Protein chains: 2
Amino acid sequence: MTKILVVDDDRVLADVIAFTLRREGYQILLSHDGETALQCWEQELPDIIVLDIGLPKIDGFEVCRHVRAHANTPIILLTVRDEEDDIIHGLDLGADDYITKPFSPRQLVARVRAVLRRASQSLNEPWQQVGNLRLDSSRRELSIDDARTFTLTSLENRLLGYLMLNANRVMTIDALIDHVWGPARGDRDMLRQLIHRLRSKIEPDPSNPIYIETVPGLGYGLIAEPDIDD
Amino acid sequence: MTKILVVDDDRVLADVIAFTLRREGYQILLSHDGETALQCWEQELPDIIVLDIGLPKIDGFEVCRHVRAHANTPIILLTVRDEEDDIIHGLDLGADDYITKPFSPRQLVARVRAVLRRASQSLNEPWQQVGNLRLDSSRRELSIDDARTFTLTSLENRLLGYLMLNANRVMTIDALIDHVWGPARGDRDMLRQLIHRLRSKIEPDPSNPIYIETVPGLGYGLIAEPDIDD
DNA sequence: TCAAGTTGTGACAAAGCTGTGACAGTTTGG
DNA sequence: CCAAACTGTCACAGCTTTGTCACAACTTGA
């Protein structure tokens with residue numbers, strides 16, 4: 001059974017979350033501060049963590065960083081709305097998604113499912129399809145519309161695979177760097193170059209990209225169904 | 001035209017479904033077992049799949065899992081009533097919605113529409129909506145009436161997000177400054193400029209603002225439902 | 001009425017970000 | 001072992017964003 005670690009110092013909210021997720025058939029582990037959360041994580045190795053940022057003592061960022069240093073356990077952050085910096089920081093640290101409080105049970109369940117699905121998808125299967133892009137990761141081949149096909153380099157393949165896995169979401173620069181080169185390698189210059197090379201390989205008009213969009217100051221995203229006339 | 005793949009081994013029911021959906025203007029692809037369904041999916045890449053769970057050989061869950069491993073094609077499951085486990089299992093595998101048999105044509109059409117709409121809005125994008133303004137903070141994009149869309153800068157996004165969060169309430173100048181620049185940064189000049197720039201970007205007539213109102217001596221507020229002739 | 005403060009507006013420059021080309025070191029494949 | 005491909009590094013131009021300032025119009029209160 002899928003185990004979910006829920007971490008929130010607001011006990012009422014934590015109970016609500018636990019109740020919601022239990023009803024969906026998940027097994028719930030509860031923590032109310034960062035320290036016990038880390039202990040619990042280490043002992044139980046849950047399949048996913050739902051993590052509030054504002055925790056006493058060890059805060060959510062610390063927990064996130066610590067977990068990411070040791071494993072890939074998916075993490076969903078709980079943040080207050082309009083704290084954009086928290087969200088970006090969290091995603092930079094490797095969180096997989098976030099939910100802004102207040103949220104509905106349905107939203108929560110949907111996110112948990114989506115993140116779990118992405119996590120399981122990332123492993124197995126050799127190819128994935130998004131819009132008219134089909135990426136064969138094992139052979140590093142990209143076909144567009146079953147017509148043109150390109151051979152990608154290893155880095156290009158990793159970047160595009162990650163973008164496709166998170167299609168239509170904007171990935172922060174640091175998150176991309178971490179996923180392509182691993183933590184604490186790679187820098188922004190390298191990512192810029194990589195994006196540039198990937199674009200000039202796959203975009204019909206590389207200076208007016210339709211697949212890979214830039215969100216200045218934030219990062220990049222893959223557009224699933226691009227308008228032709230963009 | 002929107003392509004729908006209908007998979008059901010009950011040929012009578014499959015035909016009824018196909019008929020119903022065709023009448024709504026959709027293009028229908030039919031399969032009666034899992035194997036041909038997967039073939040059909042891979043070749044045709046339909047926009048959505050209506051999938052019965054109880055299929056011979058490869059069952060609906062398998063089909064669902066296989067599709068999800070490669071793409072995000074929306075899936076609606078057909079289940080028999082009271083099989084809650086089936087539903088939960090299906091949703092865990094990434095199905096987008098479900099309908100319990102028996103169902104009416106109207107239900108089916110409504111679900112299909114709903115799922116397609118959600119999918120086109122790329123699922124659970126966390127945007128906030130106030131009146132006819134919709135702000136997607138993760139992209140820093142503002143759409144008005146689902147028609148025009150503007151790209152905002154980081155500061156503009158933070159300001160507008162805060163105003164929308166407190167729509168119809170007047171925010172004091174200092175509160176705004178604190179929320180946009182953080183405590184003890186920023187001054188009134190900067191806020192004045194920011195308001196000015198935001199207005200000239202989103203207001204139809206920037207010198208007669210209808211969205212962002214000025215309350216002299218106090219601050220600014222966002223008007224949720226502006227009169228056109230203001 | 002007048003003075004002080006507030007607001008809208010335009011101009012400008014500094015700082016930062018992004019796309020781009022070039023080049024060299026490294027890896028890969030034959 | 002060589003050539004080709006891949007990758008990291010750097011510089012630079014162009015653009016956007018942001019802070020700063022000046023000034024005119026307006027409001028307010030004594």
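These numbers come from a predicted model, not from an experiment. Proteins get letters first, then strands, A, B, ... in listed order; numbering begins at 1 in each.
- The CZ-P distance, from A:Arg158 to D:dC6, rounds to 14 Å in whole Å.
- Distance, A:Asp189 CG to D:dT9 C1': 7 Å, rounded to whole Å.
- A salt bridge links A:Arg169 with A:Asp97: at least one charged nitrogen is closer than 4.0 Å to a carboxylate oxygen.
- Applying the 4.0 Å criterion to OP1 and OP2 of D:dT16, one finds that B:Thr153 has every side-chain N and O outside that range.
- If you measure from atom CZ of A:Arg188 to atom C1' of D:dA11, you get 19 Å, rounded to the nearest angstrom.
- Across all strands, B:Ile195 comes closer than 4.0 Å to no nucleic acid atom at all (heavy-atom distances).
- Sorted by residue number, the members of residues 196-205 of chain A with any non-hydrogen atom under 4.0 Å from DNA chain C read A:His196, A:Arg197, A:Arg199.
- Phosphate proximity of D:dG19 to B:Trp181: present, with a side-chain N or O under 4.0 Å from OP1 or OP2.
- A:Arg140 places none of its side-chain heavy atoms less than 4.5 Å from the side chain of A:Phe150.
- Between B:His70 and A:Trp127, the angle of the ring planes stays under 30°, which puts this pair in the parallel group of the 30/60° scheme.
- The pair B:Arg68-B:Asp96 counts as a salt bridge, with a side-chain nitrogen and a carboxylate oxygen less than 4.0 angstrom apart.
- At D:dT17, none of the side-chain N or O atoms of B:Ser154 fall inside 4.0 Å of OP1 or OP2 (strictly under the cut-off).
- Residue-level contact check: A:Leu152 touches neither bases nor backbone, having no heavy atom under 4.0 Å from any strand.
- Proximity of A:Ser207 to the phosphate of C:dG19: no side-chain N or O atom is located under 4.0 Å from OP1 or OP2.
- To the nearest angstrom, P of D:dT7 lies 14 Å from CG of A:Leu191.
- Applying the 4.0 Å criterion to OP1 and OP2 of C:dC17, one finds that A:Tyr220 has every side-chain N and O outside that range.
- Taking the charged nitrogens against the carboxylate oxygens, A:Arg113 and A:Glu24 do have a contact shorter than 4.0 Å, which makes a salt bridge.
- Comparing the start and finish of the helix from C:dT1-D:dA30 to C:dG30-D:dC1, five pairs each, the helix axis swings through 30°, to the nearest 10 degrees.
- Straight-line distance from the CE atom of B:Met190 to the C1' atom of C:dT9: 18 Å, rounded to whole Å.
- Protein atom CZ of B:Arg140 is 11 Å distant from nucleotide atom P of C:dC17, rounded to whole Å.
- Side-chain contact check for A:Ser31 and A:Asp33: no donor-acceptor pair (N or O, by modelled atom type) lies under 3.5 Å.
- Among the protein residues, A:Gly186 comes within range of no part of the nucleic acid, since none of its heavy atoms lies under 4.0 Å from any strand.
- As rounded to whole Å, 16 Å separates atom P of D:dT27 from atom CG of B:Leu218.
- The distance from atom CD of A:Gln193 to atom P of D:dA5 is 18 Å, rounded to the nearest whole Å.
- Using cut-offs of 30° and 60° for the angle between ring planes, the A:Tyr162 and A:His179 rings count as parallel.
- We find that B:Arg188 and B:Asp174 are joined by a salt bridge, their nearest charged nitrogen and carboxylate oxygen being less than 4.0 Å apart.
- Contacts of A:Leu194 with the nucleic acid, taken as non-hydrogen atoms under 4.0 Å apart, are absent.
- Under a 4.0 Å N-O distance rule, the pair A:Asp52/A:Lys101 qualifies as a salt bridge.
- Looking at B:Lys3 and B:Glu44, a side-chain N of the basic residue comes within less than 4.0 Å of a carboxylate O on the acidic one, giving a salt bridge.
- Residues A:Asp187 and B:Arg192 each lie close to DNA chain D; by heavy-atom proximity, the contact nearer the 5' end of the strand is made by A:Asp187.
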